[in-house]
Every structure is written in C-alpha cells, then in structure tokens.
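Bear in mind the structure is a predicted one, so any value in this text is a computation, not a measurement.
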Amino acid sequence: MVVTDLVAWAELGGSLAAIGGAAYARHAHPAAYWSTVGLSVSVVRLLASYTSTMDACGLTVEPPRWRALAVKATTRREVRPVPPRRGMIRPTSTGLRLRLRLAPGQEPADVAASAERLRHAWGVHAVYVRDVKPGVVELRLVGFDVLRKVRMPRRTEAGPLRVPVALREDATAFVRDYRAVPHELVLGATLSGKSMFLRNLLAGLAAQPVVLVGIDCKRGVELAPFAPRLSALATDPEQAAELLPVLVKEMEDRYDLIKARQGIAPGTPDELITSDVWGLPEGERPAPIVLFVDEVAELFLVATRKEEERRDEMVTQLIRLAQLGRAAGIHLEVCGQRFGAELGKGATMLRAQLTGRVCHRVNDEASAKMALGDIAPEAVLASCAIAAELPGLAVVGDTSGGWSRIRTPHLSLADAAATCRETAHLAPDVPALAPFRPYLPPVPVKESSPLATPQPITE
C-alpha cells in the first residue's frame with residue numbers, strides 16, 4: 001500500500017513538473033515550445049474542430065444540389081452546410097500555413113473578418129489572411145509573438161535596392177524596396193528604435209553598388225560611423241544647403257541622359273526606349289542614389305531672415321528630388337521625431353511625396369497622425385499603443401492604405417560600422433559628390449612588440 005502511494009505521488013510530481021516546464025518554456029522560449037508542444041496541439045485542434053469552427057464563423061455554404069441528392073439517395077443523414085475546401089497543412093518554425101478554396105459567393109474579406117475567432121478556436125497567437133488567387137486564400141497561423149524576440153527568416157527576397165530590414169507580425173520579412181516605394185518617412189521619439197531601423201537599412205544597402213548620401217544636422221553623430229561607405233555627408237544646415245543643389249544638378253544630368261537615349265533614330269526597338277534610368281543599358285546606367293536625412297526638422301528651423309531664405313531653398317530642392325528623383329534613380333529616406341505643417345512652408349508638400357511611412361513610438365497622437373493619418377487612419381491607434389519597453393517596434397504603411405506592425409532586429413553600432421568599412425570599395429564614383437566625401441582619419445598602426453626585450457649593458 002505504501003509503495004503504491006509513493007508511485008502515485010511520484011507520477012503526480014512528474015506530471016506537475018512537466019506542466020511547469022512547459023509553462024516556463026512557453027513564456028521564456030516560445031519558439032522551442034511551439035516546435036515541441038504547440039504545433040502538435042494546434043494541428044489536433046484544427047483537424048478536430050475545422051467543420052464546426054467554420055460553421056460557427058458563418059463560413060459554410062449549402063452543398064451543391066447534386067451532392068445533396070446523392071447524400072439523400074445513399075444515406076439517411078441530414079444534409080449539412082459544407083466549409084471551404086482545406087488544403088494541406090504546412091508547419092513552419094513560427095506557425096502553420098494552409099490554403100482554403102472559397103465556395104461560390106464567398107470572398108477573402110469574409111475569412112479575414114473571422115480571423116479573431118479562428119485564433120481563439122485553434123489556440124494560436126494570430127491568424128492572417130492573404131489573397132493568393134481568385135477563389136483561394138492562404139491562412140497564416142502564428143503560434144507565438146514573433147515580435148517579442150526578433151529572428152529574421154533564413155530566406156528573404158533580397159536584391160537590387162531591396163533590403164530585408166525588419167520582421168512583420170505575421171513572421172514574414174519587411175523588405176524595403178526602393179523600386180516599389182521610392183521615398184519613405186520614418187518617425188519616432190527618442191529611444192524608440194528609429195536609429196536602429198536606419199542602421200539596419202544602411203548596413204543592408206552598403207553591400208550593394210548604391211551611392212549613399214547622408215544629411216545629419218546633429219553634427220554627424222548618427223551617420224558619421226558609416227562614413228567609409230558614404231559618398232557624401234553634410235553635418236550641418238550650411239553643408240546641406242551646398243549638397244542639395246549638387247544632387248538636383250545630378251538629377252538633371254541624368255534626365256538629359258535619358259532624353260538623349262529617347263532621341264535615337266527611328267526604327268529602334270521599343271525595348272531600347274526608356275523613361276527612367278532602369279531602362280538604360282547597364283553600361284550607361286548611373287548608380288542609384290539613396291539620400292538619408294536624419295532629424296529633418298533641423299533643416300526647417302530658422303532664427304534669422306537669411307536662414308529663412310536658405311531654408312526655403314533647401315525645402316524646394318528636397319521637394320524637387322521627391323517629385324522627380326525616382327525616374328533618375330534618386331531616393332529619399334527622411335527621418336525625424338515630428339513632421340507636420342508647423343515646421344513651415346513646404347513641409348506638408350514634402351510629406352505628401354513620401355510614399356512609405358514608418359511610425360515608431362511617438363510622444364503624442366498628433367505625431368502619429370502626421371505619419372499615418374492621411375493613409376491609414378486605423379493605424380494611428382496601433383502606433384499610439386507601442387510600449388516604451390519595446391524599442392524597434394513600429395507601424396509601417398504606404399499610400400495603398402495597407403499597414404502592419406514590424407520590429408527591427410538588434411544590430412550593434414560596431415557591427416554596422418564594420419560592415420561599412422568592409423564594403424567601402426563598393427561605393428560608386430560620383431565626381432560631383434567628391435567635395436562632400438567625409439574625411440576619414442588614418443587608422444593608427446600598432447607597432448609589433450619585439451620577440452625579446454633588450455637588456456641593458458652592464459660591465
């Protein structure tokens with residue numbers, strides 16, 4: 001009897017230890033918990049409750065007439081509504097993926113409206129719906145909060161002017177594509193992760209044959225560590241006022257090159273006629289330019305009338321680059337803490353040309369509205385809910401109205417600066433920017449110590 005009780009208590013203790021260990025792993029190591037326990041539990045829930053869950057969500061439809069007649073003729077069962085046809089379940093390191101073939105009369109919005117119900121029914125962190133093709137949607141089930149500890153996917157869609165810079169909340173990579181979104185506005189308060197976003201973006205572009213130009217009116221404290229890879233750097237408004245006209249002149253020269261290509265003899269094949277630099281032959285195509293403007297408000301602030309005239313000229317040149325630079329291969333990445341009409345004349349017009357929007361944690365709702373209010377009003381509340389203990393978390397959107405949460409992985413300043421030093425030879429040569437190339441002090445060479453220390457001569 002005593003032995004039986006001891007065995008029972010041992011089994012109970014082992015069960016409690018297993019439950020406690022699983023709870024600890026779920027909180028401290030969610031990825032490991034998902035791979036070992038969560039994945040199996042969610043698959044069982046999905047398979048066991050698929051039909052009933054779809055029926056509860058209103059995603060079932062009446063079966064075809066021929067099927068109803070066949071059921072009545074062969075069995076005495078009641079003809080029940082049928083759910084969307086489910087494809088094969090594909091597990092991933094962060095969740096599950098499966099495709100649904102919608103019934104006639106259904107649309108992807110019907111499934112997206114039930115995403116929250118599906119999340120609770122199948123015990124996952126989130127459910128996202130993506131339209132694959134007419135009549136087919138993909139459900140991406142995320143098993144845990146992937147933004148709490150960012151791990152970028154192993155496979156990302158990198159390429160020319162495409163940089164995987166952050167992780168989306170659906171466990172896919174947020175790729176900054178300058179060909180699709182030529183200009184972007186990045187807002188965020190102090191310690192919100194704005195500099196980390198910029199750091200990852202610079203490190204990703206450094207490995208590509210892209211001309212990197214910086215304007216950092218904080219005396220270069222943000223962009224100076226990347227000086228070996230920068231083709232030009234302005235560290236105060238005076239230098240920025242000299243650099244921007246050079247970029248505008250470079251843009252005009254590129255347009256002259258495009259016009260010369262368009263004016264070739266009649267009968268030339270259509271593929272040789274272009275309206276931007278990407279249609280030029282590779283040997284004639286100038287390297288793309290990405291201009292980083294950190295703390296853009298410093299370019300707008302003035303104290304005297306003379307500074308006001310300089311401000312108006314710089315703003316006009318930035319607007320010209322934003323309006324016309326895409327076809328010339330010139331792109332803008334404008335960063336700041338606030339960006340609105342209170343900065344002065346031209347601020348709203350410049351913001352309207354910045355297609356992409358990234359809003360980190362801000363100090364007030366008005367700042368969030370400056371970034372996202374004109375493209376996705378519902379994203380403003382999401383950006384205002386970002387906690388201070390989650391640096392790097394942001395809401396990203398564009399003028400199409402779509403938005404999502406992202407978080408930038410941690411990249412130390414030393415690693416980013418080392419990447420820029422190693423890729424300094426990839427910087428394209430732009431003669432017009434040579435006067436603005438940042439000065440690089442020579443690296444001191446450490447003297448090697450002798451193998452043997454000489455001893456003093458004694459008599």
Side-chain angles (χ1 to χ4, degrees), residues 30 109 112-113 115-116 119-120 125-129 140 142 144-150 165-176 181 183-201 222 293-298 300-301 332-344 347-410:
E116 190 66 15
R119 178 179 81 87
H120 288 284
H125 178 73
V127 176
Y128 301 95
V129 181
R140 180 181 290 271
V142 181
F144 55 94
D145 186 3
V146 296
L147 298 184
R148 193 172 69 177
K149 185 177 181 181
V150 178
V165 69
L167 184 68
R168 294 183 183 270
E169 58 184 345
D170 61 353
T172 60
F174 168 63
V175 180
R176 178 69 177 96
V181 182
H183 314 300
E184 187 174 65
L185 174 64
V186 182
L187 290 187
T190 303
L191 299 179
S192 64
K194 182 172 79 280
S195 298
M196 189 66 66
F197 181 89
L198 190 65
R199 191 181 301 170
N200 278 268
L201 192 55
E222 291 289 346
V293 182
D294 189 63
E295 293 300 343
V296 65
E298 291 294 324
F300 285 83
L301 299 179
L332 301 183
E333 198 76 25
V334 179
C335 306
Q337 298 186 32
R338 288 178 60 87
F339 196 84
E342 72 277 3
L343 291 180
T348 304
M349 187 175 182
L350 175 59
R351 185 184 61 180
Q353 301 296 327
L354 305 177
T355 307
R357 307 290 175 84
V358 179
C359 183
H360 294 78
R361 177 180 55 85
V362 290
N363 293 325
D364 55 354
E365 185 179 355
S367 298
K369 289 182 178 180
M370 295 175 191
L372 303 169
D374 57 338
I375 60 172
E378 64 276 10
V380 174
L381 296 178
S383 61
C384 292
I386 297 176
E389 58 269 16
L390 294 175
L393 188 63
V395 175
V396 60
D398 53 45
T399 52
S400 65
W403 64 277
S404 63
R405 295 179 181 87
I406 64 170
R407 193 176 186 188
T408 311
H410 176 75

Heavy-atom count around Leu191 CG within 6.0 Å, excluding the residue itself: above 12?
no

Who passes side chain to side chain donor-acceptor pair (under 3.5 Å) against Arg140, sequence neighbours left out?
none

Taking side chain as C-beta onward, heavy atoms only, is Val186 less than 4.5 Å from Phe197?
yes

Under a 4.5 Å cut-off applied to non-hydrogen side-chain atoms, are Val142 and Arg119 in contact?
no

Is there a side-chain contact between Arg357 and Leu185 (heavy atoms, below 4.5 Å)?
yes

Does any non-hydrogen side-chain atom of Leu381 lie less than 4.5 Å from one of Glu378?
no

List the steps, then state whether side-chain contact (heavy atoms from CB on, under 4.5 Å) holds for Leu147 with Leu393.
CA-CA 8 Å; Leu147 298 184; Leu393 188 63; 3.6 Å; yes

Does the pair Arg168 and Val146 meet the rule for a side-chain contact (heavy atoms from CB on, under 4.5 Å), with working shown?
CA-CA 8 Å; Arg168 294 183 183 270; Val146 296; over 6 Å; no

Strictly by side-chain hydrogen bond (donor to acceptor under 3.5 Å, both in side chains), give each pair with a member in residues 187-196 just once, sequence neighbours left out.
Ser195-Glu222

Apply side chain to side chain donor-acceptor pair (under 3.5 Å) to Arg351 and list each qualifying residue two or more places apart in sequence or on a separate chain.
none

So, do Ser404 and Asp170 sit near enough that their side-chain heavy atoms are less than 4.5 Å apart?
no

Within the 4.5 Å heavy-atom criterion, are Pro391 and Arg407 side-chain neighbours or not?
yes

